[in-house]
Amino acid sequence: MGNSTLYEDLIRGYDKQLDHSGVSGDRIAKRLHALSEIGYTEPGGVKRPGLSREEKQAKELVKSWMEEAGLTVKEDGAGNVFGTLPGQSEGPAIASGSHVDSVPNGGNFDGPLGVLSALEVAEAWKELGVVPKKPYEVVIFSDEEGSRFNSGLTGSRAMTGNITDMEMKQLRDYDGKDLAQVLESYGSSLEAFHESTRDLSELELFAEVHIEQGKILEQKDQPVGIVSGIAGPAWMEVKFSGQAGHAGNTPMLGRTDSLVAAGEFVSRLPELPRAISETAVATVGKLDVSPNGINVIPEQVVLHVDARDIHQEPRDLLVERIRNLASEVAETHHVTVSLQQNTSILPVPIADELQQELAELLMKQGIDPVRIPSGAGHDAMIVGRHIPVAMLFVRSKDGISHNPKEWSSLSDCVHGVHALKGFIESRMAKA
């Protein structure tokens, strides 16, 4: 059984006054519903892993809509889909899009809303008989979420040449298949994947619409917001080592308890980002205790820290202070500590000029322009290393995402489409 009520739930309460300038809320609702049927899970969510049969089926459906809208469609060796609409003049294209893969039992808006918003801009031009001033591309990136390989943004990294041969060799999916085997099942090859790196001078700008995955817009009572920057994560493995002993026979004085040290580290960690930046965050999301016996003093604790900020300098300062805290705590508790940084992705700030342009467009729609840092990664983060990018967030009910309860009202979604359309048209008008 599919998600039979999604269309009705979306259209109920929709403000039909938003159907103007060629944009159709009904069309967006029907398409969100159609995509929700692919990889449907019983709680009302979806399961579409990257480079899976379900992701490919979703792409094929969107490709058919692209062709109906008059776009020329092609797919590269990484599974990225590009629908191109010629402009009145030649030159670099303005692109927009997102992804259609999901986390296991994910929601119906994370990714698809960005793809359908980008496509709706082209549909609106078709309705109005408008030829855009510059070439326009609607993009679907492969495997953004990373549920297949525990390493996401695969399609955008392939397109931009930001995935190394070593990384490709190390990728293994949940069934133990390597990237070559997964690509073969998908209908591609490792050689074609290599060839998917693109000449990025063909693109002038990339704009992405995405659900907020937070509560700021809901708190501000605004349907759409402006992303001020995309945080770059630094992931660190911190290992505290002490000495195991009997919990009953070992006196408290003289113990070297690695978990006590780790506990102080975890409790003091939240102080660090607050002292550095309003947009910095740090989280311990994983912790392993050894030997993990109820009557044994912990000999070793390995924990993982995720540190982020939308600006590189404060993010790097945060990493340095995390290192210093780990050393200080280890010395206090007479244990040893080692820290290894496993991931470091550069943050991507959004240009002030683009933020201001979006703000002016939102005000024309009667929307108070709220600026929001994105703590989550997006394809725009990868593309933004090479060309200018902009992002719009659409309000998320209760801030829920990666969950079947993920929800954005159709009115909010269409507000996002109008903002995207206005922004793209504004950028196309510039020389």
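As the structure is a computational prediction, the values presented were derived from the model and not from experiment.
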Worksheet item: Glu145 and Arg48: salt bridge (charged side-chain N to carboxylate O under 4.0 Å, His left out), yes or no, with the steps?
Response: CA-CA 10 Å; Glu145 295 289 5; Arg48 292 195 295 262; over 6 Å; no

Worksheet entry | Residue pair Thr283, Asp306: steps toward the side-chain hydrogen bond (donor to acceptor under 3.5 Å, both in side chains) verdict | CA-CA 5 Å; Thr283 307; Asp306 181 324; 5.8 Å; no

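Note that CG of Asp101 is 11.5 Å distant from CD of Glu54, once rounded to the nearest 0.5 Å. One distance of note links OG1 of Thr197 with CD1 of Ile163; it measures 9.5 Å at 0.5 Å rounding.
The aromatic ring centroids of His99 and His378 lie 6.0 Å or more from each other.
The main-chain N or O of Gln213 is never found under 3.5 Å from a side-chain atom of Ser401 such that the two would form a donor-acceptor pair.
The aromatic rings of Trp125 and Tyr136 lie perpendicular to each other, with more than 60° between the two planes, well past the 30° mark.
For the pair Arg198 and Phe82, the cation-pi test (distance below 6.0 Å, angle within 45°) is passed.
Glu55 meets the side-chain hydrogen bond (donor to acceptor under 3.5 Å, both in side chains) test with Lys59; sequence neighbours excluded. The ring-ring contact (aromatic ring centres under 6.0 Å, His included) search around Trp65 returns none, not counting sequence neighbours.
Between the side chains of Asp26 and Ser24, no donor-acceptor pair is found at a separation under 3.5 Å. Checking Gln300 against Ser241 by side-chain atom types alone, a donor-acceptor pair falls below 3.5 Å.
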